[in-house]
Asker: 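The structure is given below, and queries will be raised subsequently.
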Amino acid sequence: MSTTSQIINQAVKELTKPESYKDMFHEHSEGTPLPSGTVLAEIVDLARSILFPGYYGTSTINTETLHYHIGVKMERLFSLLVDQIMAGLSFSDFDQTAAFAAYSQTTINNEMRRIATDRAQKFVSLLPEVRRVLATDVIAAFNGDPAAKNHGEIISCYPIIKELTIYRIAHELWKLEVPLIPRMLTEMAHSETGIDIHPGATIGEYFTIDHGTGVVIGETCIIGNNVKLYQGVTLGAKSFPLDEDGNPIKGIPRHPILEDDVIVYSNASILGRITIGKGATIGGNIWVTQDVPAGAFISQKR
């Protein structure tokens with residue numbers, strides 16, 4: 001055996017030891033692989049073409065063909081989403097719970113498909129409301145940028161609308177308790193726009209981020225209506241409480257609350273479960289870890 005073969009065989013032997021791949025290996029259930037990034041990208045494209053017809057997808061669409069085009073895209077989106085939700089359920093060890101211990105894999109798969117179909121149906125029914133809210137975001141971005149010429153420019157070019165389209169889709173899936181897929185979607189948006197919004201964050205209407213690059217919004221953030229952020233803003237956690245074994249306690253509120261009409265300028269860091277009161281303004285390059293009263297203006301000391 002050649003030296004190269006020996007080296008390869010030894011590496012394979014070490015990489016297949018159970019202690020080597022502990023917590024790094026996902027064993028697929030029969031017929032239910034992990035959700036696909038490629039398929040999720042197609043779902044995003046379909047959703048954008050449904051929510052913003054004529055700006056994304058078929059360029060020849062008009063009011064007479066709108067019903068047909070949206071109908072076709074909706075059916076494709078629904079079919080893909082059912083399969084992806086089912087894959088997400090498998091990833092979450094849904095089929096290993098005690099409720100399914102006595103059932104065959106075929107029965108488990110059928111039940112997962114039923115649940116996936118139900119959640120996909122609920123998601124599709126929410127798309128009209130998603131579009132309504134996105135329309136307010138377009139208005140906020142247009143009104144907040146004197147360089148913008150029209151709403152079409154905002155929809156076609158501005159990273160915040162690309163980001164919010166995916167975030168608002170992912171947030172609805174998050175509320176429907178769809179595993180993994182919401183995180184995959186928002187990380188796709190993060191890669192595309194440089195804006196990192198966790199799908200669990202709650203964001204009101206007429207929201208915008210000017211420029212957007214480097215903004216981070218954590219899972220338990222609550223943002224009111226008519227809020228504007230600038231690039232580089234962090235809405236993060238101050239610390240992570242630990243349990244008696246020294247492990248982070250998950251699922252507790254740990255990110256800021258921004259009430260209506262708040263403005264946060266570039267590179268500000270707002271950390272912890274604090275409240276920024278209605279109409280407050282946070283200046284740039286500042287570190288905020290305490291509540292800010294309504295209407296206040298917080299800036300660096302000279």
Side-chain angles (χ1 to χ4, degrees), residues 14-29 32-37 40 84-101 108 111-112 115-116 119 163 166-191 194-203 214-223 229 232-258 264 267-276 286-292:
E14 293 180 13
L15 288 167
T16 52
K17 291 178 179 178
E19 63 270 22
S20 170
Y21 60 70
K22 183 178 182 294
D23 298 327
M24 303 291 287
F25 172 56
H26 172 66
E27 186 170 5
H28 293 181
S29 300
T32 52
L34 281 173
S36 164
L40 290 178
Q84 293 305 294
I85 293 176
M86 187 171 174
L89 291 171
S90 174
F91 172 82
S92 66
D93 295 328
F94 173 87
D95 57 342
Q96 303 300 316
T97 59
F100 292 98
I108 293 170
E111 177 63 9
M112 286 199 297
I115 292 171
R119 294 183 187 181
E163 169 72 31
I166 297 179
Y167 155 75
R168 294 205 183 278
I169 289 169
H171 183 63
E172 297 303 333
L173 292 169
W174 178 272
K175 291 193 296 182
L176 291 170
E177 299 183 345
V178 173
L180 187 59
I181 290 172
R183 289 303 309 272
M184 291 180 70
L185 288 171
T186 51
E187 287 307 318
M188 290 165 58
H190 183 194
S191 297
I195 302 168
D196 183 1
I197 304 178
H198 192 285
T202 300
I203 300 177
V215 168
V216 177
I217 300 176
E219 175 191 11
T220 62
C221 275
I222 299 175
I223 298 176
L229 310 181
V233 167
T234 296
L235 305 181
K238 184 168 59 175
S239 61
F240 300 97
L242 304 179
D243 62 20
E244 58 186 13
D245 296 321
N247 299 313
I249 300 173
K250 297 181 180 290
I252 60 174
R254 60 194 184 279
H255 299 102
I257 298 170
L258 275 59
V264 183
N267 300 314
S269 293
I270 303 175
L271 306 178
R273 192 58 162 190
I274 62 174
T275 298
I276 309 301
I286 193 170
W287 183 282
V288 182
T289 58
Q290 296 181 342
D291 290 345
V292 173

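Start at 1 with the first residue, then count along the sequence. On a predicted model such as this, the values are computed, not experimentally measured, just so you know.
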Asker: Indicate yes or no for a side-chain donor-acceptor contact from Asp243 to the backbone of Asp245 under 3.5 Å, with no hydrogens or angles considered.
Answerer: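 Pair found, side chain donor or acceptor close to backbone of Asp245.
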Asker: What I'd like to find out is whether the side chain of Arg183 reaches to under 4.5 Å of the side chain of His198, using heavy atoms alone.
Answerer: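 In contact.
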Asker: Between Glu172 and Arg168, does any side-chain N to carboxylate O distance fall below 4.0 Å?
Answerer: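 Salt bridge absent between Glu172 and Arg168.
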Asker: What are the two closest heavy atoms between Pro256 and Ile270, and how far apart are they?
Answerer: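 Here Pro256 and Ile270 meet closest at CG-O, 3.2 Å.
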Asker: Supply the atom-to-atom distance Leu229 CG to Thr234 OG1, rounded to the nearest 0.5 angstrom.
Answerer: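 Between atom CG of Leu229 and atom OG1 of Thr234 there are 10.5 Å.
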Asker: Which pair of heavy atoms, one from Trp174 and one from Pro182, lies closest together, and at what distance?
Answerer: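 Distance-wise, the nearest heavy atoms are N-CG, 3.7 Å.
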Asker: Distance check, rounded to the nearest 0.5 Å: Ile85 atom CD1 versus Arg119 atom CZ?
Answerer: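 Result: 7.5 Å between the selected atoms.
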Asker: Enter the distance from Leu235:CG to Ile222:CD1 here, rounded to the nearest 0.5 Å.
Answerer: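 That separation rounds to 12.0 Å.
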Asker: Quick one: CD on Glu111 to CG on Leu89, what's the gap to the nearest 0.5 Å?
Answerer: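 Those atoms lie 10.0 Å apart.
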Asker: If you count every heavy atom of other residues, nucleotides or ligands that lies below 6.0 Å from Lys17 atom NZ, does the total exceed 12?
Answerer: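 Enclosed: over 12 neighbouring heavy atoms sit under 6.0 Å from NZ of Lys17.
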Asker: Got a donor-acceptor contact below 3.5 angstrom from the Arg273 side chain to the Thr220 backbone?
Answerer: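 Present.
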Asker: Would you confirm whether Thr275, through its side chain, and Asp291, through its main-chain N or O, come within 3.5 Å as a donor-acceptor pair?
Answerer: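 Not confirmed, Thr275 side chain does not pair with Asp291 backbone.
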Asker: Are the side chains of Pro248 and Leu242 in touch, meaning some heavy atoms are under 4.5 Å apart?
Answerer: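 Sidechains of Leu242 and Pro248: in contact.
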Asker: Hey, what do you get for CD1 (Ile286) to CG (Asn267), rounding to the nearest 0.5 Å?
Answerer: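 Output value for this atom pair is 12.0 Å.
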Asker: Are Ile197 and Thr186 close enough that some pair of their side-chain heavy atoms sits under 4.5 Å apart?
Answerer: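 Of all side-chain heavy-atom pairs linking Thr186 with Ile197, none is under 4.5 Å.
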Asker: Testing Val264, Ile217, Ile203 for side chain to side chain contact (heavy atoms under 4.5 Å, CB included) with Leu258, which one passes?
Answerer: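 Exactly one candidate clears the test, Val264.
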Asker: Where is the tightest heavy-atom contact between Glu163 and Ala189, given as atom of each residue plus distance?
Answerer: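 Between these two residues, the closest heavy atoms are OE1-CB, 3.2 Å.
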Asker: Which pair of non-hydrogen atoms, one from Gly37 and one from Met188, has the smallest distance, and what is that distance?
Answerer: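 Taking Gly37 first and Met188 second, the nearest heavy atoms are O-CE, 4.3 Å.
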Asker: Determine whether more than 12 heavy atoms belonging to other residues, nucleotides or ligands lie under 6.0 Å from atom CD of Glu14.
Answerer: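 Atom CD in Glu14 is packed in, count exceeds 12.
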Asker: How close do His255 and Gly236 get, counting heavy atoms only, and between which atoms?
Answerer: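 Scanning both residues completely, I find the closest heavy atoms to be CD2-C, 3.3 Å.
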Asker: If I take atom NE2 from residue His171 and atom CG from residue Leu176, how far apart are they, to the nearest 0.5 angstrom?
Answerer: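 Interatomic distance, His171 NE2 to Leu176 CG, rounded to 0.5 Å: 10.0 Å.
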Asker: Would you call Gln84 and Val178 a side-chain contact if the rule is heavy atoms closer than 4.5 Å?
Answerer: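 Contact flag for Gln84/Val178 side chains = no.
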